[in-house]
**Student:** 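My structure is below; once you've seen it, I'll send some questions.
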Amino acid sequence: MDNNNLSIFIEKIKEAATSQKLAKLTIAKKRNKNLETTRVRITLVRISAGLRLSFVYQYPTREITRNLGIEEGIEEILNLLTNDFYNADLFTATETVQFVRNQKGNTGLKTVKAANTALPELEHDHKKKSFIETTNNIYLRELGITGSDWTLKKDMTAKFRQINKYIEVLDAEFKNLNLPENAVIMDMGSGKGYLTFALYDYFINFLKVKVNITGVEFRKELVAYCNSIATACNYKGLHFTEGSIESTELKKADVLIALHACDTATDEAIWKGITAGASLIVVAPCCQKQIRKQFSVNNEMAPLLKHGILEERQAELITDGLRALIMEDCGYKTKVFEFISTEHTPKNLMITGVKKAGNLPKKDISEMIRNIKKSYGIEYHHLEKLLGKNY
């Protein structure tokens with residue numbers, strides 16, 4: 001077997017990596033058909049631990065990434081080309097080098113001038129796209145998240161992280177929505193307005209889209225406080241009003257949001273969103289008590305639920321799972337996922353529902369709901385009562 005060409009090729013990789021001229025290395029054409037890995041892509045990155053070779057192992061249905069030190073990475077490349085793959089292509093700032101091996105073990109090298117001399121950025125621990133800017137952002141200062149110099153206060157780091165994660169989650173949803181001009185967005189139970197202000201900021205300054213957002217809050221002093229900040233920011237499409245989720249009359253809404261609405265208040269919010277024809281409903285439930293009071297389990301699950309903490313958690317899962325199913329039965333495509341906890345509650349479940357046009361996939365959601373209720377001895381879910389349904 002001719003290993004001279006392989007040795008030369010490995011040296012070229014090492015030189016390109018250490019001089020930071022390595023743009024990309026691809027390894028392909030597996031030698032064993034039973035090998036799961038179909039291809040390996042390698043780039044040079046700089047992370048907090050220093051310069052690394054980043055390996056992306058490609059499989060038919062997934063990818064696995066490993067970051068290795070230069071020496072360890074070179075050893076891994078040598079192993080891959082000795083045992084698993086026939087070919088490799090090295091792209092640097094100055095040349096492109098192709099290594100080939102046939103089934104008889106004969107190897108070859110081909111070198112040409114680099115077609116692209118530009119190198120990619122090495123920074124791997126890059127900052128995520130920022131939806132919310134701190135500099136000159138009045139509401140962040142007024143809410144105590146930044147100081148007078150616009151720098152983030154240390155004790156508000158978690159809150160700012162929550163705000164950005166919230167906008168990141170909604171950004172993914174809004175990309176797939178066709179909201180009308182001056183869309184009506186209702187934030188039920190807006191509290192001090194951290195997330196309400198951030199959402200308006202996102203629309204006006206990031207998306208450059210005009211919207212009308214209303215924050216509904218039952219504490220009169222918070223309503224006045226938030227309205228004064230909105231005025232200071234010149235946020236003409238944002239205002240806050242006094243009221244509760246239950247008492248608010250809502251004829252039309254394009255988006256309805258209710259975060260950490262306690263117990264059946266979440267059901268009230270979902271109900272109002274559905275009846276108002278909202279294209280998107282976003283809720284983060286908490287304190288799910290209504291279903292737990294009805295639990296009467298006489299099947300194989302009973303021994304598990306004799307422990308109070310397990311019964312409580314199961315009740316929370318059933319409550320929110322049924323909420324998602326009922327929303328699906330009303331024409332919404334739902335997602336249930338982890339959000340991020342706040343200083344008020346460690347609970348971090350979020351449910352989103354996107355109203356779908358046309359016919360949904362044919363499946364008997366009603367029967368699913370009935371079976372679940374029967375298994376746990378549940379007489380009714382508050383949301384189904386609000387909707388006038390009887391599953």
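Just so it is clear, the structure is predicted and the values come from calculations on it, not from any experiment.
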**Student:** If you count heavy atoms of other groups shown closer than 6.0 angstrom to CZ of R219, is the number above 12?
**Tutor:**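 Enclosed.
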**Student:** Report yes if the side chains of Y86 and N102 come closer than 4.5 Å at any heavy-atom pair, otherwise no.
**Tutor:**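 Result no, sub-4.5 Å side-chain heavy-atom pair not found.
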**Student:** State plainly whether the residues E71 and K14 are in salt-bridge range, i.e. N to O under 4.0 Å.
**Tutor:**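 So E71 pairs with K14 through a salt bridge.
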**Student:** Could you tell me the separation between the OG atom of S279 and the CD atom of E173, rounded to the nearest 0.5 Å?
**Tutor:** 12.0 Å
**Student:** Between F197 and F240, what is the ring plane arrangement, given parallel below 30°, perpendicular above 60°, and tilted in between?
**Tutor:** tilted
**Student:** Partners of E11 by side chain to side chain contact (heavy atoms under 4.5 Å, CB included), sequence neighbours excluded?
**Tutor:** none
**Student:** Just verifying a value: how many Å separate R66 CZ and L53 CG, rounded to the nearest 0.5 Å?
**Tutor:**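 So the gap between those two atoms works out to 11.5 Å.
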**Student:** Counting heavy atoms not belonging to Y59, are there more than 12 under 6.0 Å from its OH?
**Tutor:** yes
**Student:** Nearest 0.5 Å, what's the NZ-OG1 distance between K154 and T151?
**Tutor:**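 K154 NZ to T151 OG1: 10.0 Å, rounded to 0.5 Å.
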**Student:** Is the side chain of S247 donor-acceptor paired with the backbone N or O of G243 at a distance under 3.5 Å, no angle test?
**Tutor:** no
**Student:** Answer yes when E311 and R292 have at least one side-chain N-carboxylate O distance shorter than 4.0 Å, and no when they do not.
**Tutor:** yes
**Student:** I'd like to check the ring-ring contact (aromatic ring centres under 6.0 Å, His included) partners of Y235; sequence neighbours left out, ordered by chain and number.
**Tutor:**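 Partners of Y235 by the ring-ring contact (aromatic ring centres under 6.0 Å, His included) criterion, ordered by chain and then number, come out as Y200.
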